[in-house]
Amino acid sequence: MIRKYRFGVPVETEAVVQDLPCRKEMPESGRVLTDEEGFTYIRALEKETAIYGLGETVRGINKRGWVYVSENEDRSFHLEDARSLYSAHNFLLLSGPEPLGLFFDYPGRISFDAGFTKKDILTVSCDHADLYLYEITGESLKEICRTFRKMTGRSYIAPKWAMGFGQSRWGYKNEEDFRQVVKGYRENHIPLDAVYMDIDYMDAYKDFTVDREKFPDLGSFVSEMKDQKVHLVPIIDAGIKQEEGYDVCMEGLEKGFFCTDREGKPFDTACWPGLTYHPDFLNAKAREWFGNKYRVLMDLGIDGFWNDMNEPSIFFTKRTMEEARKKMREFLAKPAGDTPFFELAELAGQLSSSEVHKDFYHDMNGTRIRHDRVHNLYGYMMTRAAGEAFERISPDRRILIFSRSSYIGMHRYGGIWQGDNKSWWSHLLLNIQMTASLNMCGFLYTGADLGGFGSDTGRDLLLRWLAFGVFTPLMRNHSAIHTRDQECYQFEDPEDFAHVIGVRYRLLPYLYSEYVKAALNDEMYFRPLAFDYPDDPMACDVEDQLMLGEGLMAAPVYVQNAAGRYVYLPEDMLFVKFLPSGEMETQRMEKGVHYIHVELNEVPLFIRKDHFLPLAEAAECVEDLDEDNLTMLGWITKKTEYLLYHDDGYTRNLDVPEHYRLLSMEP
Ligand code: GLC
């Protein structure tokens, strides 16, 4: 059951798609205080209550014991004390005999004190008492999640090729660089479906342009890559370079489609291209205009994109730069020994602080609204611009799109990647945990930069990370400029990488089927054990294993130099190891704690008793996958069935009976 409450005059975020009546009385689940100081929601927590949800945030699956703040930012240090990352997912789930879901539909800065200040109190607060609050009750966490997902609309479904493995790096510059990458993969028989084009393909970082010196004819290069069964996926950034004669800039100015300053003039910002303007994605007309721009690249054969820097990431504004320069001049006027060191160190941070959110405005459905009030919608609306345009431009084929920044509601238009992580073992664990929370909020098509984006990865870390990445819908190796080469063929014994990534393709019939079914039925693709076994206290404590779809449990190794790991089986399961020889080692295991040995070049997983996985032979790309000849793997004690979803991989007409095939397995 859903109870909806309105406070003040909320911004219509369109996060919710169901038309629900608002209740007149106060919320039942907690105490609400509203005044000119803002809005506060307070609820007492039982000692045993776990808090789930909040999507893209740091720390574990159970969010209790920290303060999280939804204020999207370009934050490359995903440290334990980070309060905000790139996205705002204001949905929480509270466990207990009467589980509860809470969604705070508020697009400004909002904080969630999950038993941090006071151990048994949840406090949610924001500066303006203008929001919708939804309380969702149900039998179980899973049911509440389903209700929430139905209320917020069907999750985006990517084309099937986008579940193949992708290679990315900030630093690939020209055609030759891309050819080398594809060659490295194909020569080593490491599967590959996509190579990502980072900002250097553009002319001076201008969206929807191509540097002609590096890519004299992008259209024919796209075909050359397609002949090798590789999709090129370019990046699109939120900031538009200020340049006389650049059509996107000129048109945006002419039509008044950029965010404006206090005086109503286009607001000056800065990002990769230097001085920029930021399109007003909250204005429906500007969205349509910007969305149509993707056609420039789609006409060349491009069928996938990633939207970046859309928190929005603003390196500086005219005001912050002028203030910094003034400060610098003051510092320089002092004797060197008197330079206030700490003030100097803080100066760079002030250039891009969230204070600039108060300096610019949107035109949202004819209403002028200051950016800080709607900040967290920016990446959502950029990706909505793209998603809606793709339906117009490509009515028959799904297009790949994922974003860095998001808000609930964006999950209908695209996926997200988990931002600029680091090549740290702790970030492999964070990837596992964050993925579960994102699924609760509707973001099924998601993945982290495998191997880690910043800092240098190791062969062992990359292999272990890939062994988790084989399960995430977005499976992409991405790294930052100036870090160690991170393509899989750059390491010793590339056949180990070929094998590990090959397992992804063996599992793909099941993974794709579970992914599409989860989206169509408002289910989670990944779930914490607590959601499936709420009455098993040991299962509820597990933070490093995930249930995936109907029958699979993932239990990755995420500790350096570990020969394996302990796992907790909440029921009898079949332990499966995909060995580099191509064979599988299986072992029946009873409910309880076990230690499993896993070599770096092996992929472990578990299958619930009386469930099975349909497996394909490994292939080097999705197109080459033979799905007519599947083998069934499971520990079966009775006749068992599995409903396989299988389509052409790109149709938009998904939920039709012809796409379902009933498979069965007997003991
Ligand atoms: C941002 C993105 C990263 C990209 C880089 C350069 O840091 O998060 O993925 O490589 O910008 O475009």
Side-chain angles (χ1 to χ4, degrees), residues 56 58 72-79 82 84-87 166-174 177-178 181 194-211 214 232-241 269-274 276 278 297 304-316 348 351-352 378-379 382-383 400-406 410 414-424 427 430-431 434 438 443 445-457 465 469 472 474-487:
E56 189 185 75
V58 296
N72 298 348
E73 63 173 304
D74 179 355
R75 190 189 171 104
S76 51
F77 285 91
H78 308 173
L79 297 166
S84 315
L85 294 175
Y86 313 86
S87 289
Q167 177 61 51
S168 185
R169 180 172 174 84
W170 175 13
Y172 299 153
K173 285 208 160 41
N174 51 31
D177 289 348
F178 284 87
V181 172
V195 185
Y196 288 76
M197 303 177 85
D198 208 318
I199 45 175
D200 296 301
Y201 78 87
M202 297 183 219
D203 171 20
Y205 306 138
K206 288 182 284 187
D207 280 346
F208 312 112
T209 69
V210 176
D211 186 323
K214 302 174 195 155
L232 289 177
V233 184
I235 195 169
I236 302 293
D237 281 344
I240 298 299
K241 184 173 173 65
T269 49
C271 201
W272 299 125
T276 49
H278 273 77
L297 293 161
F305 298 89
W306 45 313
N307 280 349
D308 192 19
M309 310 305 277
N310 52 5
E311 294 68 32
S313 174
I314 296 174
F315 293 171
F316 59 86
L351 287 172
S352 56
Y378 195 79
M382 178 187 184
T383 302
L400 169 64
I401 175 77
F402 57 91
S403 171
R404 191 169 71 178
S405 181
S406 65
M410 203 214 86
I416 55 171
W417 91 98
Q418 296 168 18
D420 296 348
N421 60 6
K422 299 244 188 272
S423 300
W424 297 343
H427 277 184
L430 181 63
N431 181 192
M434 192 189 280
L438 285 172
F443 292 88
Y445 189 81
T446 179
D449 291 347
L450 301 174
F453 174 75
S455 64
D456 295 330
T457 203
W465 214 324
T472 60
L474 168 63
M475 186 188 186
R476 179 177 80 143
N477 173 344
H478 180 46
S479 55
I481 197 162
H482 307 312
T483 59
R484 178 186 189 182
D485 290 341
Q486 197 167 297
E487 297 79 16

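Counting convention: from 1, in listed order, for ligands and their atoms alike. Sequential numbering from 1 along the given sequence is applied to the chain's residues.
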* Asked: Looking only at protein heavy atoms, which one is nearest to atom 9 (O) of ligand 1, and how far off is it?
  -> H478 NE2, 2.9 Å
* In the protein, which heavy atom is nearest to atom 2 (C) of ligand 1, and how far is it? -> D308 OD2, 3.0 Å
* Structure fact -> Of all protein heavy atoms, the one nearest atom 4 (C) of ligand 1 is D198 OD2, 3.4 Å
* **Protein contact of atom 7 (O) of ligand 1 - nearest heavy atom, named by residue and atom, plus distance** => D420 OD2, 2.7 Å
* To do: Taking only heavy atoms of R404 into account, list the atoms of ligand 1 that are under 4.0 Å away from them.
  => 1 (C), 2 (C), 7 (O), 8 (O)
* With heavy atoms of W306 as the reference, note each atom of ligand 1 found under 4.0 Å away. => 9 (O)
* Asked: Tell me, do S403 and M382 make a side-chain contact under 4.5 Å, heavy atoms counted?
  -> no
* Asked: Looking at I235, which atoms of ligand 1 are within less than 4.0 Å of one of its heavy atoms?
  -> 12 (O)
* Asked: Between T483 (side chain) and G454 (backbone), is there a donor-acceptor pair under 3.5 Å?
  -> no
* Asked: Does Y201 have K214 sitting over its ring (NZ/CZ under 6.0 Å from centre, angle to axis within 45°)?
  -> no
* To do: Please report which non-hydrogen protein atom sits nearest to atom 5 (C) of ligand 1, along with the residue it belongs to and the distance in Å to one decimal place.
  => W170 CE3, 3.8 Å
* Structure fact -> Test side-chain hydrogen bond (donor to acceptor under 3.5 Å, both in side chains), reference T276, set T269, D207, D237, output is T269
* Structural part of Y196 in contact with ligand 1, heavy atom criterion under 4.0 angstrom -> neither
* Structure fact -> Output for pair (F453 CZ, Q418 CD), nearest 0.5 Å, gives 14.5 Å
* Hey, does L297 have a side-chain heavy atom less than 4.5 Å from the side chain of V210? -> yes
* Short question: side chain of S479, backbone of R169 - any donor-acceptor pair under 3.5 Å? -> no
